[in-house]
Amino acid sequence: MTATLERLPLLVRDWITGFFPEPVRWLVSGLLAIVAILAVFGLYFAYLTLAERKFLGRFQNRPGPNRTGPFGLLQPFADAVKALTKEDIVPQAADKLLHFLAPCLVVAFGLISFAVIPFGRYLIPVDLDAAVLYFFAAGVSSELALFMAGWASHNKYSMISAMRALAQLISYELPLLLAVVPVIMLSGTLSTSKIVVAQGGWTFGIIPHWNVLTPWGFAGFFIFMIAAVAETNRSPFDLPEAESELIAGHLTEYSGFKYALFFMAEYFGMSALCGLGVTLFLGGWQAPIDILQVVPSYVWFMVKLSCVIFCLMWVRATLLRLRIDQLTRLAWKFLVPLGLINLGNAAFWHLSADWSGPLQIVRWAISAAVIVIPFVLIGRTLSSGLAPRTYRYAT
Amino acid sequence: MQNEPTSSAPGLAGTPANSSFDILHSPLGSPQQGASVREVNDPFHGDLLEVSMGPHHPSTHGVFRMVATLDGEIIVKLKPVFGYLHRNHEKLGENTTYLASMPYTDRLDYLAGMTNNWAYALAVEKLSGQVATERAEYVRVIVGEMMRIVNHCCLVGFLFNDLGTSFTPLLYAFREREKFLDLFEELTGTRMMYNYQRFGGCRVDPTPEWLAKAKALIDGFPRFLDEYEQFLTGNEIMLARTQGVGRLSPELAINAGITGPVLRATGVGYDIRKVDGYGVYPRFDFRVPIGDHGDTYDRYMMRILEMRESVKILQQAFRDLPAGPIIDPKAKNRGLRPKAGEAYGRIEGPKGEIGFYLISDGSTNPYRYRVRPPSFINLTVLEDMCLGHSVADAVVILGSIDIVLGEVDR
Amino acid sequence: MLGSGIIKGLAVTAKNFVGSFHDPERLPTVEYPEKRLTLPEAYRSFPFLVFDGENAIDGLRCVACKMCENECPPQCIYIIPERDEKGRPVKKPKVFDIDLSVCMGCQICVEVCPFDSIKMDQVFEVAATNRFEGLIAHREMLAKSNTYYHQIRPTEAAEVDTRLAEEKRLAEEKAKAAAAAKAAAAAKAAAAPKPVATTAPASATAPAAAPASPAKPAVAAPSPSPSSSSSAAAPMAAAPKPPATTP
Amino acid sequence: MQSIEQIRDLIVARFPGAEVTVIQNPGPAAQHSLLLGHAQARDIALFLRDEPSLKLDFCSNATGVDWPEKEIVETTKVKVAQPDGTEKLVEQKTKRLQPGYLEAVYHLYSMALKHGPVVIRLRTGNRTDAVSLPSLTPVWRSCEFQEREIFDLFGIVFEGHPDLRRILMWDEFKDHPMRKDYVEPDDYEWEPTPHDAVLTKAKGHYPAPGSTANAEGGM
């Protein structure tokens with residue numbers, strides 16, 4: 001039963017491809033994967049927007065959208081209809097071609113990242129050997145598309161936003177990669193599916209062997225998530241968008257469906273990066289407890305992904321935006337050094353893999369100290385001179 | 001970004017290069033003052049970008065416009081542009097009777113209508129020699145301090161919105177503000193346009209039930225403030241974004257006529273409630289918080305601390321509220337014809353000194369009706385505070401000044 | 001340590017997130033068209049005209065004195081007094097229009113009205129698709145019965161009724177005294193107020209009677225207790241002058 | 001704080017020959033004011049700001065007032081020689097045109113000594129061509145926007161103001177709306193209020209618009 005459920009997507013695929021002659025089956029199967037990703041993540045995107053608005057509402061003591069359909073469940077479709085029926089405005093001074101291409105590209109780049117994410121035990125669209133590299137290459141391109149949008153709009157705000165997007169891209173790609181390198185080091189592979197497999201197994205059947213549950217993995221996950229939030233331009237790093245400063249930055253001159261495409265791309269990008277985070281650090285599709293393996297692996301993946309995204313919404317509901325210099329300072333002076341230290345930490349973890357018994361505790365202590373002490377020290381320099389103040393009263 | 005003065009400490013800017021501050025020390029009559037001094041010197045790295053922020057900008061708090069010249073993202077020049085909401089309020093005041101101007105004052109600073117009412121009533125009382133009854137004075141303190149809390153709630157909420165939160169602190173603040181507005185609605189009939197004060201008293205006497213409700217709300221208010229402060233006051237990003245940003249020196253603040261929390265954040269303990277002691281304020285025990293740095297964080301904290309002080313005042317006012325008529329039975333409101341003369345009445349509004357200058361020629365309409373709008377005059381130093389900071393900071397500095405365009409443009 | 005402030009903040013939002021599911025304090029939204037808040041008695045939106053009796057137009061308390069028109073700050077009231085065949089004013093409004101798009105709901109008209117005829121309504125859903133026609137309220141639209149007034153503002157309406165009854169009684173006493181003194185004049189005076197409905201102030205006598213009532217409570221103020229109503233005397237209408245008839 | 005007369009004496013002692021007049025305020029507020037001559041106004045202002053016993057460092061309010069020309073009828077009794085040689089007292093009415101002027105009023109307070117207000121006034125020569133006054137912005141920066149506003153709404157030209165432009169009205173605007181003789185244009189947005197004055201004006205500006213019937217529906 002479990003095995004059938006686990007293999008269900010494959011069975012469906014085989015059933016459909018069965019209608020086609022043998023030579024084109026690989027093509028049909030590939031197309032099918034694309035359609036499936038588009039359908040599943042299209043729907044996921046639609047309800048993610050709703051969920052974000054609902055949750056943000058709850059964080060802010062209000063119910064959120066609840067007028068379209070029961071509990072507002074039809075809201076995404078109403079939004080889609082609205083976006084499609086709105087007038088599409090292209091500024092006269094804009095670079096028309098780039099202005100049109102930017103939203104298309106940003107969605108395309110957001111989507112191609114999904115190709116290498118293992119959604120389940122048997123569900124990986126393309127099992128590349130250098131999947132992680134491929135993923136980052138695709139991810140960077142979407143930032144370029146944002147720059148394109150900002151440039152093509154021929155608007156001062158959009159221009160500033162485009163510059164910010166580039167600065168942010170350059171700053172945060174590095175910590176993102178530095179956070180990923182330890183994982184690759186320790187699992188010895190760039191293939192996402194193999195990294196997930198490497199995180200399999202449980203101690204006592206309840207403690208999973210996920211990377212996040214090691215000191216270096218926790219630090220890596222921490223750095224990865226901060227960088228991921230910045231890469232996807234979400235609050236508190238939504239500087240290119242910055243609606244209170246730059247109105248909507250690169251989106252200022254977009255309307256109607258093109259605007260919706262940017263919105264879609266933001267969520268695709270977020271889902272993809274969080275999916276990678278889940279894959280690398282949270283054990284991908286692995287179940288948290290041994291006996292829970294009865295639940296199909298792709299369900300676990302989606303549950304983990306949704307939890308991570310919920311945390312991002314929580315952060316968005318709480319935090320305020322950094323300034324661009326503080327943003328880059330955070331990347332270069334905090335995340336990059338921490339990432340480098342974490343690299344050494346992971347090396348230590350790798351070398352001490354055969355320590356056992358009481359040495360195991362020493363290994364944990366050293367590894368934790370190596371990451372906590374720099375965190376505190378660098379954090380202190382980063383926030384030096386900043387503290388809540390006490391006040392006097394006039395007489 | 002060589003010309004950014006933030007080289008010393010992260011997020012800590014020195015006093016911005018407010019060359020107009022030289023006005024204090026420059027020889028008089030020299031043509032090299034103000035705008036001309038603030039010209040850009042030598043932007044040797046690249047062209048400057050002139051950005052018109054507003055009048056349709058989400059963070060200018062209305063139809064306000066700043067013409068900012070940017071070097072990268074650093075502001076080298078910033079000119080405020082007003083008038084998009086100008087309706088010649090003062091001319092309206094000259095063409096209506098004294099009483100009929102009262103509802104118009106609600107619409108000046110529409111987030112703090114009650115204090116506008118009060119300032120106007122005070123000015124007319126000075127002009128016509130009327131005195132409000134004692135109970136009315138206490139009720140004025142009650143509604144005035146509640147108004148201050150409402151206004152500061154709005155301000156901190158909007159300030160955080162300018163700082164880039166996704167509306168959460170704003171909605172928490174508005175949640176509390178709504179409770180106050182409900183009370184105002186019960187007392188005066190409307191949530192924002194009160195038309196409550198009268199010359200010689202107030203229009204409606206608060207019922208004991210109303211007072212009990214208000215007291216319960218005030219008693220619970222510090223709990224909200226504690227939670228609010230826990231929420232974001234200690235937040236590292238908040239500290240980094242506000243501390244050292246938009247510094248204002250006390251000398252410039254005094255010279256530029258800055259009043260209210262913006263002035264007190266610079267360390268000048270000038271509060272008209274203490275200085276003039278109008279109404280029954282001398283009978284209350286409250287303190288005036290002052291800051292030491294004059295930056296955005298201090299301005300934010302002034303509001304928080306003032307709300308706490310307002311709670312103290314309100315609790316005393318509820319305790320001491322005397323019985324008696326709410327309005328002087330002999331008070332003249334309709335068809336008021338003050339003797340020829342003039343009067344300037346001012347109170348400490350939530351945004352600063354709100355004053356009304358009235359000249360009477362003995363007729364039913366004021367000969368001259370002038371509003372001294374605090375947020376308009378506080379904008380004088382906007383450029384000085386913004387120079388050397390980035391666009392993102394300019395928005396925050398503007399938010400921390402607390403302007404309402406109904407009052408700025410009149 | 002770096003991040004402690006952020007964690008505190010996250011705790012606050014989490015508290016609010018959870019609280020919004022069970023604590024009404026943390027989910028104050030009222031879903032408006034389905035649920036409504038009860039309006040406080042003092043709530044005011046736009047003015048309306050009170051009439052007594054059954055007939056809306058005949059029972060209007062308004063005598064077209066134009067006092068509200070003169071005092072209205074944004075000048076949104078427009079009154080033409082009714083005239084009889086000979087062209088004399090008959091103390092009724094022929095036209096009484098209020099431009100709701102101009103009206104700012106300041107209730108100064110209510111305060112200055114010496115006849116308690118204009119009051120603030122509580123209907124706030126007055127949206128119209130036609131700005132020119134839809135938002136100009138005519139006499140017929142404005143006239144609402146005293147019963148309605150009692151419904152929306154029970155305390156205030158009761159006070160007004162007591163006061164009007166008192167005024168009427170004083171007026172009648174005065175009229176009787178006058179009748180005793182001058183039989184001929186009395187006969188004439190008794191015949192005068194005929195079409196006016198029962199509790200309406202006899203329009204001819206009201207201005208004369210008003211100064212006779214020494215302590216007229218606040219017109220607009222729902223005074224907390226009847227005892228204090230004499231002390232909380234009216235701001236505006238303490239001594240209503242005879243209606244100023246401006247052309 | 002010193003009385004207004006004492007302040008005047010202080011000023012005169014410091015600036016001998018300065019034109020300083022005390023303007024009494026007959027109203028109950030009794031906020032009397034000092035009328036300063038143009039020549040030394042800025043020096044006097046600086047003196048008021050820096051004099052240790054006054055320290056009026058805070059100019060709270062600066063505003064303009066328009067006093068248009070007024071016809072003043074004065075009745076005098078004049079002895080008129082009668083033809084018969086006797087003299088007779090005859091009441092003679094002389095009409096005098098009091099010249100109009102614009103006035104700038106400054107309310108000064110002291111933040112250091114916490115007293116005030118001291119009101120100072122400056123008057124222009126007339127309302128047409130001699131409308132310039134010395135700017136006090138170099139003394140109190142708070143006048144910067146307020147003097148711009150006075151310039152905008154009253155038309156007083158402040159000499160020495162660093163940036164004298166219109167502030168509330170748009171730059172192309174011609175008149176000064178706060179002057180008493182300002183005639184408002186009739187081309188504002190057509191508002192079909194039931195008020196005949198507005199309506200008449202609107203009709204005059206838009207001769208027989210298509211929607212007149214609509215508008216009169218309100219009547």
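Keep in mind that what you see is a predicted model, and the values were worked out from it rather than measured. Quick note on labels: first sequence line is chain A, next is B, and so on, each numbered from 1.
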**OP:** Sort B/D271 into side chain, backbone, both or neither according to what part of it lies under 4.5 angstrom from a heavy atom of chain A.
**Re:** neither
**OP:** Sort out for me which of B/L232, B/L171, B/I237 touches chain A most, counting heavy-atom pairs under 4.5 Å.
**Re:** B/I237
Original post:
Side chain, backbone, both or neither: which part of A/L330 has an atom under 4.5 Å from a heavy atom of chain B?
Top reply: neither
**OP:** Go through the atoms of B/M302 and report whether side chain, backbone, both or neither lie under 4.5 Å from a heavy atom of chain A.
**Re:** side chain
Original post:
Which of the residues B/R264, B/E50, B/K274, B/E236 is involved in the greatest number of heavy-atom pairs with chain A at under 4.5 angstrom?
Top reply: B/E50
Subject >> Residue pair B/D162, A/R321: steps toward the salt bridge (charged side-chain N to carboxylate O under 4.0 Å, His left out) verdict >> reply: CA-CA 9 Å; B/D162 291 345; A/R321 189 181 303 121; over 6 Å; no
**OP:** Among the options B/D292, B/T233, B/N235, pick out the one with the most heavy-atom pairs lying under 4.5 Å from chain A.
**Re:** B/D292
Original post:
Would you find more than 12 non-hydrogen atoms of other residues, nucleotides or ligands less than 6.0 Å from A/F71 atom CZ?
Top reply: no
Subject >> Between CZ on residue B/R241 and CG on residue A/L386, distance to nearest 0.5 Å >> reply: 12.5 Å
**OP:** Check B/T168, B/L163, B/L159, B/N161 against A/L320 for a side-chain contact (heavy atoms from CB on, under 4.5 Å) and give me the one that passes.
**Re:** B/L163
Subject >> Between B/F160, B/F231, B/F174, the one whose heavy-atom pairs under 4.5 Å with chain A are most numerous >> reply: B/F231
Original post:
Does some side-chain heavy atom of B/I290 sit less than 4.5 Å from a side-chain heavy atom of A/Y391?
Top reply: no
Original post:
Among B/P169, B/S59, B/G291, B/A394, who wins on heavy-atom pairs under 4.5 Å with chain A?
Top reply: B/S59
Original post:
Pick from A/M163, A/R164, A/R323: which one makes a side-chain contact (heavy atoms from CB on, under 4.5 Å) with B/E73?
Top reply: A/R164
Subject >> chain A interface, residue from B/G399, B/G269, B/G267, B/A392 that has the most non-hydrogen pairs under 4.5 Å >> reply: B/A392
**OP:** Look at the side chain of A/Q60 and the backbone N and O of B/L170, then say whether any donor-acceptor pair between them is shorter than 3.5 Å.
**Re:** no
Subject >> Part of B/S52 within contact of chain A (heavy atom distance under 4.5 Å) >> reply: backbone
Subject >> Heavy-atom side-chain contact between B/V51 and A/Y157 under 4.5 Å >> reply: yes
